[in-house]
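Let me begin by presenting the structure, written as structure tokens, before commenting on it.
Residue numbers run from 1 in the order of the sequence given.
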Amino acid sequence: MTTISAIKEKPQSETLEAEDGWRAKLSLGYTHRGDKTVLKHKKQLGPLAVQRPLYPEGDICHTYLLHPPGGVVGGDKLLISTIAHQDAKTLITTPGATKFYRSAGPYAYQKQQLTVESGAVLEWLPQENIYFPEANVRLDTEITVQLGGRFIGWEMHCFGRPALNEGFNKGSIVGCTQLKMGDELVLAEQLNVQGGDQHQSCAGLRDYSMLGTMMITTSDDDLLKVVQSLLYDYQVYADDEDADRASINAGVGFDSALLAGVTLTDGVMTIRVMSHGTEPMLALFTLIWQSVRLNWFGYTPFAPRIWAT
């Protein structure tokens, strides 16, 4: 018999914020100095931190966000706030996956507030979130892009540990991602995955263990056609069992099945992906990011080296 979990009410963010627990906060502010973007403001509480900014592209400030080294457990509360001030250009990523561990009941709560001012560019490109079986997590992301600002970002969610053949058979992963262009809410997506819900696993996730979403502002029909063509070619190649292994190892294609789709609404492009592993999803998102950069700035960047370690 198919098991369908009872509908559970989401824990409210205000309630989680008020509960006792270990807390960490990180606030970052980027400013355009003339020749390059600098991390002008940094305030932290707890082990949330960043490495020293890097400049592999010259003027764009690359920042590595460091989560707690032991991972996130039930009752933890993390707040990350980032603002790219006028004309600043910054890329933020993580050196590895963020791990959310089993919980005896309390929810871990992570909130991300991302703001892009006019003329600024913010690229939010973290590696995946891994939710261990029996993890209880709420993850909220609030993105505000002012007129003339540009944002590209993604979230990748891995439910369970597929490499160990360990599914997400118990637990709760919930949250909300909101994108505002100026004062207008243009995108609001809810995340609600309940471990052990076979109907959700089969009909919703189609037995995939990973779910990813990528958002790109300042998009148009020409860029949409580029991404549509890329998705079609990539999925055909990814499902080709006879694909050349050298190309696969180089990150061009993978033999893991992957499903992807794209929409364009009110100038915001949204790519949604389901996959059996991190590598094909990250590789696809990287190709799209590079295509967007070519469209925006006229050149194709190299992927951050940290992704290859």
Side-chain angles (χ1 to χ4, degrees), residues 5 8 10-11 13 16 65 67-68 71-74 76 78 80 92-103 107-112 114 124-143 152-179 187-215 254 256-262 270-286 288-289 307:
S5 299
K8 296 176 62 176
K10 285 186 179 182
S13 57
L16 295 177
L65 175 64
H67 279 77
V72 184
V73 300
D76 290 354
L78 289 73
I80 302 168
I92 301 175
T93 187
T94 56
T98 301
K99 298 177 181 178
F100 294 87
Y101 291 119
R102 292 173 173 86
S103 171
Y107 275 74
Y109 181 48
Q110 179 168 316
K111 184 175 183 179
Q112 302 163 157
L114 313 175
W124 180 258
L125 312 177
Q127 298 198 55
E128 75 274 20
N129 299 315
I130 299 178
Y131 305 105
F132 281 53
E134 300 183 52
N136 291 326
V137 180
R138 175 160 185 142
L139 178 64
D140 291 334
T141 303
E142 299 174 353
I143 308 161
I152 178 171
W154 63 53
E155 290 181 340
M156 298 184 291
H157 306 288
C158 180
F159 305 104
R161 295 189 291 176
L164 300 178
N165 198 30
E166 188 175 64
F168 191 68
N169 53 11
K170 188 177 180 181
S172 176
I173 312 300
V174 301
C176 180
T177 297
Q178 295 184 337
L179 172 63
L187 179 67
E189 293 202 342
Q190 301 290 330
L191 177 67
N192 192 337
V193 175
Q194 303 301 318
D197 189 332
Q198 296 179 20
H199 181 268
Q200 185 180 60
S201 176
C202 296
L205 293 172
R206 300 188 184 184
D207 289 327
Y208 286 95
S209 59
M210 288 200 65
L211 177 67
T213 303
M214 185 176 192
M215 291 168 287
F254 298 84
S256 298
L258 174 149
L259 289 178
V262 58
T270 307
I271 300 100
R272 298 175 177 85
V273 181
M274 292 186 291
S275 173
H276 289 307
T278 300
E279 289 80 8
M281 183 178 294
L282 178 59
L284 175 58
F285 280 171
T286 300
I288 296 172
W289 165 67
W307 293 351

So, taking the atom named CG in D140 and the one named CD in Q190, what distance separates them when rounded to the nearest 0.5 Å?
8.5 Å

Residue pair Q127 / T94, side-chain donor-acceptor N/O under 3.5 Å:
no

C158 versus P162, closest heavy-atom pair with distance:
SG-CD, 3.5 Å

The reported gap from CE in M214 to CE in M281 (rounded to nearest 0.5 angstrom) is 12.0 Å

Flag the pair K170 / P133 as yes when at least one side-chain heavy-atom distance between them is below 4.5 Å, and no otherwise.
no

Which residue, V72, I173, L139, forms the side chain to side chain contact (heavy atoms under 4.5 Å, CB included) with N129?
L139

In Å and rounded to the nearest 0.5 Å, what is the OG1 to CH2 distance from T93 to W154?
7.0 Å

Apply the test side-chain contact (heavy atoms from CB on, under 4.5 Å) to residues E189 and T270: give CA-CA distance (whole Å), side-chain angles for both, the deciding distance (0.1 Å), then the verdict.
CA-CA 11 Å; E189 293 202 342; T270 307; 4.2 Å; yes

With a 4.5 Å heavy-atom cut-off, do W124 and L65 have their side chains touching?
yes

Does any part of the side chain of L282, heavy atoms only, come nearer than 4.5 Å to the side chain of M210, both counted from C-beta?
no

Scanning both residues in full, the closest heavy-atom pair of V193 with F168 reads O-CE2, 4.1 Å

Any idea which heavy atoms bring V273 and F285 closest together, and the distance?
CG2-CE2, 3.6 Å

Distance from T177 atom OG1 to L114 atom CG, nearest 0.5 Å?
9.5 Å

Residues Q112, T141; criterion side chain to side chain donor-acceptor pair (under 3.5 Å); working and verdict
CA-CA 5 Å; Q112 302 163 157; T141 303; 2.8 Å; yes

Flag side-chain contact, heavy atom, 4.5 Å: L258 against Y208:
no

Got a second to check how far M274's CE is from H157's NE2, nearest 0.5 Å?
13.5 Å

Taking all non-hydrogen atoms of both residues, which atom of L284 and which atom of A260 are closest, and how far apart?
CD2-CB, 4.1 Å

Answer yes or no: is there a side-chain heavy-atom contact under 4.5 Å between K111 and E142?
yes

Euclidean distance, I152 CD1 relative to I288 CD1, rounded to 0.5 Å:
8.0 Å

Given F100, which partner from the list F132, F159, Y131 fulfils the ring-ring contact (aromatic ring centres under 6.0 Å, His included) test?
Y131

Evaluate Q194 against V174 for side-chain contact (heavy atoms from CB on, under 4.5 Å), listing each step before the verdict.
CA-CA 8 Å; Q194 303 301 318; V174 301; 3.9 Å; yes

Closest non-hydrogen atom pair between A97 and I130, with its separation
CB-CD1, 3.7 Å

Given the rule in the side-chain contact (heavy atoms from CB on, under 4.5 Å) test, do Q110 and I80 qualify, once you have shown the distances and angles that lead to the verdict?
CA-CA 8 Å; Q110 179 168 316; I80 302 168; 4.0 Å; yes

